[in-house]
Structures are given as C-alpha cells and as structure tokens.
Amino acid sequence: MSSPRIKPIEIASSARELLALNLIRLRSERGWSQEALAFESGLHRTFIAHVERLHRNASIDNIERLAQALEVPVRDLFAPRLKK
C-alpha cells in the first residue's frame, strides 16, 4: 500500500504569486475585506488590491506588517498550500 501523496492546491509560479494567494486565503478565512486588512496593517486598500492582483511588489517591511495584521509568521505568507 503506497502512502498518500501530497499535492499543491494552488500551484504558484513565483514568490509574489504565493504571497498573493496566501493573502487572499488568510484574509478570506477571517472574513476581512481588503479595506479591513489595509486598516489592520496600516497600509492603503489599493496597495492590498495591487499585491493580490500581482501588480505591485511588497517590501519586506510591508510583508511584516501584513503578517502581523493577520497574526501569522512571515513564512506562512510564502508557504504553498498542500492537500492529501
């Protein structure tokens, strides 16, 4: 009997895409709008929207602010989602 394989749910082609997918997922899990995440992180709503749509790069400082607002370690913003 073989062990179950772990497969990525979303396949991201870049760190920027992983960040966007995880931001959307974590924000949605909390029931937050982009505006709510912007408020909690001290960033502008359009910045959040641009990062989620892959139109802007986020600095390390802003990534830390997002992680703090979402109450997750920075590494969680770049972790691929896996399923069995």
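This one's a predicted model, so the numbers in the text were calculated from it and none came from an experiment.
In R75, the CZ atom is not crowded: 12 or fewer heavy atoms of neighbouring residues, nucleotides or ligands sit closer than 6.0 Å.
Here the closest non-hydrogen pair linking P73 and A67 is C-CB, 4.3 Å. Nearest heavy-atom pair across R56 and H50 is CG-CB, 3.1 Å.
When atom types are taken as modelled, the side chain of N22 and the backbone of P80 share no donor-acceptor pair closer than 3.5 angstrom.
Residues S28 and I24 have side chains in contact (heavy-atom distance under 4.5 Å, counting atoms from C-beta outward).
Rounding to the nearest 0.5 Å places OG of S33 at 13.5 Å from CZ of R30. Going from atom CZ of R65 over to atom OG of S59 covers 8.5 Å, rounded to the nearest 0.5 Å. Rounding to the nearest 0.5 angstrom, the gap separating the NE2 atom in H44 from the CD atom in E35 is 9.0 Å. If you take CD on Q34 and CZ on R53, they are separated by 7.5 Å, rounding to the nearest 0.5 Å.
Hydrophobic clustering, defined by side-chain heavy atoms of Ile, Leu, Val, Met, Phe, Trp and Tyr closer than 4.5 Å, groups I48 together with L19, L23, L26, W32, L37, L43, F47, V51, I63, L66, L70, V72, V74, L77, F78.
Scanning for salt bridge (charged side-chain N to carboxylate O under 4.0 Å, His left out) contacts around E29 gives R25, with sequence neighbours left out. Every residue two or more places apart in sequence or in another chain was checked for a salt bridge (charged side-chain N to carboxylate O under 4.0 Å, His left out) with E40, and none qualifies.
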